[in-house]
Protein chains: 2
Amino acid sequence: MAALAYNFLDMTHPQIVTEQSAAEKSRHWLKYLQQRGYRLTGSRRAVVDALAEAERSLTAADLYEIGRAKHKGLGLVSVYRTLEKLEELGLVQRVHGPGGCHAYISAQDGHNHMLVCENCGRVEMFEGDDLKDFTRGLEKQSGFRIHEHWLQFFGLCADCQAA
Amino acid sequence: MAALAYNFLDMTHPQIVTEQSAAEKSRHWLKYLQQRGYRLTGSRRAVVDALAEAERSLTAADLYEIGRAKHKGLGLVSVYRTLEKLEELGLVQRVHGPGGCHAYISAQDGHNHMLVCENCGRVEMFEGDDLKDFTRGLEKQSGFRIHEHWLQFFGLCADCQAA
DNA sequence: CATATAATGAAAATGATTTTCAATATCAAC
DNA sequence: GTTGATATTGAAAATCATTTTCATTATATG
Ligand SMILES: [Mn+2]
Ligand SMILES: [Mn+2]
Ligand SMILES: [Zn+2]
Ligand SMILES: [Zn+2]
């Protein structure tokens with residue numbers, strides 16, 4: 001296929017997404033779970049709190065360990081079950097990367113992208129890109145109908161560079 | 001963090017990467033394996049051929065099934081072992097996506113990006129983007145040192161739209 | 001408080017991948 | 001071509017993450 005000379009990409013407002021507080025996030029998620037008919041339990045609170053407080057992405061095993069500090073009897077099974085529900089409701093999302101795809105982080109509203117620390121798992125979200133024209137161009141060249149895209153950056157956060 | 005108004009992204013030569021022939025690819029990979037001190041065996045040939053011929057990404061299980069047509073006694077273990085070596089040598093790469101991260105496709109030379117059919121696994125590679133300035137801007141905003149990025153598009157290929 | 005039932009954790013089951021190991025195939029040296 | 005060192009093999013067992021099963025417990029509601 002021939003090379004075309006476009007200037008497809010236009011990034012108008014790149015912006016690192018600012019976080020709401022952990023407490024606020026936790027309260028919101030628990031209320032949301034309850035609204036959907038789910039019950040509020042110690043196990044759920046423990047997992048939700050751990051995720052809401054996290055600065056970095058966490059695996060089920062991470063959450064099991066952290067969550068047990070809050071709720072002694074927490075079972076790994078409940079971690080999986082809570083993650084499943086939070087993901088369904090769009091409150092958390094899986095983090096994919098070269099080092100693995102089994103960690104979760106709290107999701108932001110709307111479409112956005114991730115900057116991931118390959119050492120500690122810290123995630124910064126950003127948004128403001130506009131790949132509409134670019135997507136249209138790719139569709140024309142390839143014959144695909146495009147539904148979704150991922151734009152992700154990997155590196156070392158400030159802390160991990162220092163250490 | 002404050003919003004900045006840049007025009008970071010500059011796509012100068014988007015281009016769908018053209019393939020070399022399957023036979024050529026297979027010959028090249030086998031020679032490369034041999035150069036690195038690995039022996040040429042029926043099991044390896046079967047897996048290499050299956051990957052070199054593939055138009056779509058394949059899992060270990062896919063390769064086991066396809067490879068057994070060429071080499072009757074092929075074991076699933078050898079599929080995993082061959083994939084491991086091909087990945088080390090940069091000849092194949094894993095395809096990550098919303099639907100899973102366990103499929104492989106032959107890698108292209110140099111840095112490039114993927115357009116993946118969510119129905120059949122077909123993958124088109126493209127290159128020509130230039131995210132250097134964009135990356136530098138993100139580094140400045142975030143304090144990260146960025147090593148790598150993924151830009152991937154997901155959708156339906158022409159065939160799967162028709163079906 | 002009583003009740004219906006959603007949610008729980010332990011244990012078993014599953015599924016993918018890795019390890020172990022004795023047998024075999026490859027390749028370099030003769 | 002034969003030989004021999006050893007890389008590679010597949011079967012079976014082991015491991016690891018995740019899911020399912022199930023009897024018990026906790027939650028929400030009246
Ligand atoms: Mn985007
Ligand atoms: Mn790129
Ligand atoms: Zn870090
Ligand atoms: Zn397709």
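Lettering follows sequence order; numbering is per chain, from 1.
Atoms CZ (A:Arg44) and C1' (C:dG9) sit 14 Å apart, rounded to a whole Å. For A:Lys72 and D:dT25, the NZ to P distance is 14 Å, given to the nearest whole Å. Atom OH in A:Tyr80 sits roughly 14 Å away from atom P in C:dG9 (whole-Å rounding). One can place NE2 of A:His102 at 13 Å from P of C:dA16, the figure rounded to the nearest angstrom. Regarding B:Glu84, its CD atom lies at a distance of 13 Å from the C1' atom of D:dT8, rounded to whole Å.
Picking from D:dT18, D:dG10, C:dT8 the nucleotide with the shortest atom distance to the side chain of A:Thr41 gives C:dT8. Picking from C:dT8, D:dT18, D:dT9 the nucleotide with the shortest atom distance to the side chain of A:Leu76 gives D:dT18.
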In residues 150-160 of chain B, what donor-acceptor pairs under 3.5 Å come from side-chain atoms, sequence neighbours left out?
none

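A residue-by-residue look at B:Gly42 and B:Val77 shows that B:Gly42 has its nearest nucleotide of DNA chain D further toward the 5' end. Between A:Arg81 and B:Arg81, the residue whose closest nucleotide on DNA chain C is further toward the 5' end is A:Arg81.
For the residue pair A:His149 / A:His111, a side-chain donor-acceptor distance below 3.5 Å is found, with atom types taken as modelled.
The closest donor-acceptor contact from the side chain of A:Thr82 to the backbone of A:Ser78 lies under 3.5 Å. B:Gln161 contributes a side-chain N or O that, together with a main-chain N or O of A:Gly143, makes up a donor-acceptor pair within less than 3.5 Å. Formation of a donor-acceptor pair under 3.5 Å by the A:Asp133 side chain with backbone atoms of A:Leu131 is not found in this model.
Atom CD of A:Glu139 has more than 12 heavy atoms from other residues, nucleotides or ligands within 6.0 Å. Within a 6.0 Å radius of CD in A:Gln93, other residues, nucleotides and ligands contribute more than 12 heavy atoms.
In the region residues 32-40 of chain B, proximity to DNA chain C at under 4.0 angstrom, judged on heavy atoms, holds for B:Gln34, B:Arg39, B:Leu40. Residues of residues 48-71 of chain A having a heavy atom closer than 4.0 Å to DNA chain D: none are found.
Here A:Ser43 does not reach the OP1 or OP2 of C:dA7: none of its side-chain N or O atoms lies under 4.0 Å away.
Taking hydrophobic clusters as Ile, Leu, Val, Met, Phe, Trp and Tyr residues chained together by side-chain heavy-atom distances below 4.5 Å, A:Leu74 shares a cluster with A:Leu86.
Aromatic ring pairs are classed by plane angle as parallel below 30°, tilted from 30° to 60° and perpendicular above 60°; the pair A:His113 and A:Phe126 is tilted.
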